[in-house]
*Asks:* 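I am attaching a structure below and will ask some questions about it afterwards.
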Amino acid sequence: MSELTRLDAADLAARIQAREVSAVEVTQAHLDRIAAVDATVHAFLHVDTERALDAAKAVDDDVAAGRPAVSPLAGVPLALKDVLAMQGAPTTCGSKVLEHWQPPYDATVTRRLREAGVVILGKTNMDEFAMGSSTENSAFGVTRNPWDLDRIPGGSGGGSAAALAAFEAPLAIGTDTGGSIRQPGAVTGTVGVKPTYGTVSRFGLVAFSSSLDQAGPCARTVLDAALLHEVIAGHDPLDSTSIDAPVPPVVAAAREGATGDLTGVRVGVVTEFAGDGYQPGVSAAFEAAVAQLRELGAEIVEVSCPSFDLALPAYYLIAPSEASSNLARFDAMRYGLRVGDDGERSAEEVMSLTRAAGFGAEVKRRIMLGTYALSAGYYDAYYGSAQKVRTLIMRDFEAAFGRVDVLVSPTTPTTAFRIGERVDDPMAMYRADLCTIPSNLAGNAALSVPCGLSGDDGLPVGLQIMSPALQDHRGYRVAAAYEVARDAAQGGSLITRVPELEVV
Amino acid sequence: MTTTVALMDYADVIARFDPVLGLEVHVELSTNTKMFCGCPTVFGGEPNTQVCPTCLGLPGSLPVVNEIAVESAIRIGLALNCEIAEWCRFARKNYFYPDMPKNFQTSQYDEPIAFDGWLDVTLDDGEVVRVQVERAHMEEDTGKSLHVGGATGRIHGADYSLLDYNRAGVPLIEIVTKPITGTGERAPEVARAYVATLRDLLKALDVSDVRMDQGSLRCDANVSLMEKDAPEFGTRTETKNVNSLRSVERAVRYEMTRQAALLADGGSILQETRHFEEASGTTRGGRRKETSEDYRYFPEPDLVPIAPSRDWVERLRTTLPEMPAARRKRIQEEWSLTDLELRDLVNAGAVDLVAATVDAGASAAEARSWWVSYLSQQANNRSVELGELPITAGQVARVIALVADGSLTNKLAREVVDGVLAGEGEPDEVVDRRGLKVVSDDSALYAAVDEALAAQPDVAEKIRDGKVAAAGAIVGAVMKATKGQADAKRVRELILERCGG
Ligand SMILES: [Zn+2]
């Protein structure tokens, strides 16, 4: 494996600016790595080789001409989740219904990445329309967890997380509706951040659940995530729900945290997220992380957020309701898959046949759930009640953040489960997002930072740090401080302990 | 396949039933851009040339509210004496149809921007009916489908369908009345007058083209009948495709007679959507739905709530123009019109045109006469609206001025107007090109007068004897000889001068 693929993004960007290495060399090294291991991992659905090299070349030209770097990540390769529109490349959302579809426009996130000189290597695998926690719901095959190829890489953004852990890219973009950035980050030993809702534009993000979806950075270090966060965040007039406020100073917070001092920071441990259903190795790693935070000077208190127990059922009403409407447009009339158009069948029949053939079982399950929840006579009992739960959860957060600066919990109750283990048990699958969903419902910021390996199976565990809305930097500061202490205690970076992949 | 529909005599309908109306009017706003994207809204473009990812509902696209459309909605609400919501949201109305790109329409449901208003409607005889307005809400238009082949022109059974999304996303305001009761035999008239009044109001607000023929103003008429003194309303039908004011009246009247016959026969009314047939003046039933449509409304999560500040609302209130009813009252006084004259003016759709002509310097009487009679006839002949005639108020005013200063006779003036209508240019150009100037050169006229007197010596004798009325025959002869280009008044003066001294 080329040394270049082991480096983090900040380091790569610095070396490119210092002309120690060219952006093209960096990109080529990652393309070579993808060619070598992706047949095994299957993180990518599409590799955009030529344009990636072109983008790298443009950065090298800037460097050669002495022009200042367009961003602190200029020339650094990135893996883009296939739910974000990218002109000239397929955007499938892991669904047959959009197989081969190419958007005629860039998502705002994609545009910002391009403008920052970030090199987009390709599009990553995901659960169909971001519905799932294992990437097994992709219509285009499973993605494997580089820590154990028989296990899932999390979901829905398993492709992006696996690409980081397999050293196919130092940066990735995910989207998080119920935990789809944080849970894959936790089970692959990488950093995943769900920014405050409304701080990263959703324009060009194919909607699953509009009021919950949020794109965010994925990386192998907290600082890299922060650097990427500042590239993609910011007000966007094309997204009405975008917040017109300055981007929280996450890079500065990550650098401040890296000094390793958390004196005066109040950290609340969510008491609801422990006990039955939590794998002992996960609980132990989490408790060790909390102890380390205390050693760094943080004040640790227990905080109860009783309505968090209602988050999962509320989520499984709100998200499917919105999804049932968002996914109605896939009807074979204008783009995408068209099945049964034999010149005899009616438009209605073609719509129906296409949707039957184009959507996978989980997507259909959620469309049906959502359609039911919004139906006349059921709306108040289901959708209406779920919205009330959402308000209760916001109030719990509000009360908690009145007492502490950040809240912590395990990111997910277990380590990566085996491929196939939960496919026939949706409730078990849904439980993977138990701890992550409250922040989606409330819209505040939350991230997952690796907190060691579980004693029982040797797989990565994630520490979730939740911050108030627009206070994303608090989480970065705590995560960066913890990251330094963790590596010091464990004698090196956690990600270096990923088993070597067999190179083909 | 024709089945004879039984209809009840209208007088019998009224004797036995009370009609209840509910009118839903859709107004396409004349904003430059669509409701949620920057695409142009002009009518008549090549199919699918005014579209973008948002109005095509492409994956990942998002809506952004057109603030001008919100402003128009508030102004319409204020003009209809509505309350303006302090906080309201858009909602998704979910149903599948190929001309709707997202398979949901972004609309408003239980939180309309304007509600609880009224509109006073004046009938032909001056009776005023107050129509209560339930709500006015914002939504987006759908695209258009053309179903080719098949018997019905509908999607079912069509050989193929063509879709044009140029109209998809054009801002619409839907204005819904409360049930209109107690209008009895005048119900069809009230329906028509309501839509006409609304049209004038929207025109005055300058928020829409209000062209029923182009679909920028559309009316759905809900009609039901209740037996006299029945405790509750009967089952209603909703008639769509009502594309003119006259059709509104006909559709309501037809439904009343159709429903009455059914009810009198012991039948029941099917709650359904019906389609107005312009040619026959009848309505036909839609496809029967096995279940009632459940639109699964929920608040649109891609848009933030609209919370018009009271300041803004009050500022918009000051931008409201003089309302058509008040304006008519003022004009009637200023121009000293009888009720009948005012009615003719209004019915001809000429109020604005006459006012503009007066503004351009003409007298009210002359302006009114031109627009209500000669130009209305021309519009009629061409089957266009008065306002669509290719002549401006300024041009009409110029013609009137030319008559007033004696340059044109009334007959010549009509020829000049014909020339303008034929695209021959400004009135003065038409006068020059057609050589229509009044012959006011007395020397030329003296010759013509002398010639005419010489040709009819007996008449000349009578005039000399003091029988002045006989001069008419000579005037006629001179006018004939000058091909009508002489000023008849001047000719008469010259004849009398020649015969009397
Ligand atoms: Zn558009």
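Quick note on labels: first sequence line is chain A, next is B, and so on, each numbered from 1.
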*Asks:* Name the option with the most non-hydrogen atom pairs under 4.5 Å to chain B; the candidates are A:Ala376, A:Gly377, A:Ala85.
*Replies:*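 Most pairs with chain B among the choices: A:Ala376.
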
*Asks:* CD of B:Glu300 to OG of A:Ser210: how many Å apart, nearest 0.5 Å?
*Replies:*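 Reported to 0.5 Å precision, the distance equals 6.5 Å.
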
*Asks:* Nearest 0.5 Å please: distance from the CG atom of B:Leu58 over to the OH atom of A:Tyr105.
*Replies:*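 These two atoms lie 5.5 Å from each other.
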
*Asks:* Side chain, backbone, both or neither: which part of B:Asn94 has a heavy atom under 4.5 Å from chain A?
*Replies:*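 For B:Asn94, side-chain heavy atoms alone lie under 4.5 Å from chain A.
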
*Asks:* Taking everything shown except A:Tyr379 itself, do over 12 heavy atoms lie less than 6.0 Å from its OH?
*Replies:*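 Atom OH in A:Tyr379 is crowded, with more than 12 foreign heavy atoms closer than 6.0 Å.
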
*Asks:* Which region of A:Asp213, side chain (C-beta onward) or backbone (N, CA, C, O), has a non-hydrogen atom less than 4.5 Å from a non-hydrogen atom of chain B, or is it both or neither?
*Replies:*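 Neither part, no heavy atoms under 4.5 Å.
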
*Asks:* Is B:Tyr297 in contact with chain A via its backbone, its side chain, both, or neither, using a 4.5 Å heavy-atom distance?
*Replies:*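 Answer is backbone: N, CA, C or O of B:Tyr297 sit under 4.5 Å from chain A.
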
*Asks:* Suppose the criterion is side-chain hydrogen bond (donor to acceptor under 3.5 Å, both in side chains): which pairs have a residue in residues 43-63 of chain B, not counting sequence neighbours?
*Replies:*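 Output for this query is empty, none listed.
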
*Asks:* I'd like to know if the side chain of B:Asp294 and the backbone of A:Ser375 have a donor-acceptor N/O pair within less than 3.5 Å.
*Replies:*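 Judged by distance alone, no pair lies under 3.5 Å.
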
*Asks:* Shorter than 4.5 Å, heavy atoms on both sides: which option in B:Val64, B:Val304, B:Leu62 has the most such pairs with chain A?
*Replies:*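 Ranked by contacts with chain A, first place is B:Leu62.
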
*Asks:* Report the option among B:Val65, B:Leu56, B:Asn103 that has the most heavy-atom pairs separated by less than 4.5 Å from atoms of chain A.
*Replies:*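 Heavy-atom pairs under 4.5 Å are most numerous for B:Asn103.
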
*Asks:* Looking at A:Gly204, A:Ser211, A:Pro104, which one has more heavy-atom pairs under 4.5 Å with chain B than the rest?
*Replies:*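 If we count pairs closer than 4.5 Å to chain B, A:Gly204 comes out on top.
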
*Asks:* Salt bridge (charged side-chain N to carboxylate O under 4.0 Å, His left out): which pairs involve residues 78-91 of chain A, sequence neighbours left out?
*Replies:*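 Matches after skipping sequence neighbours: A:Asp82-A:Lys123.
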
*Asks:* With a 3.5 Å distance limit and no angle check, can you tell me whether A:Arg334 reaches the backbone of B:Pro101 through a side-chain donor-acceptor pair?
*Replies:*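 Yes.
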
*Asks:* Between A:Asn326, A:Thr91, A:Leu84, which has the largest tally of heavy atom pairs under 4.5 Å with chain B?
*Replies:*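 Looking at each of A:Asn326, A:Thr91, A:Leu84 in turn, A:Asn326 comes out on top.
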
*Asks:* For the pair A:Asp331 and B:Met100, evaluate side-chain contact (heavy atoms from CB on, under 4.5 Å) and give the outcome as yes or no after the intermediate values.
*Replies:* CA-CA 11 Å; A:Asp331 64 0; B:Met100 205 163 50; over 6 Å; no

*Asks:* If we define contacts as heavy-atom pairs under 4.5 Å, which of B:Phe298, B:Phe104, B:Tyr160 has the most with chain A?
*Replies:*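 Going by pairs under 4.5 Å, I would pick B:Phe298.
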
*Asks:* If I measure from the heavy atoms of chain B, does A:Leu98 come under 4.5 Å with its side chain, its backbone, both, or neither?
*Replies:*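 For A:Leu98, side-chain heavy atoms alone lie under 4.5 Å from chain B.
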
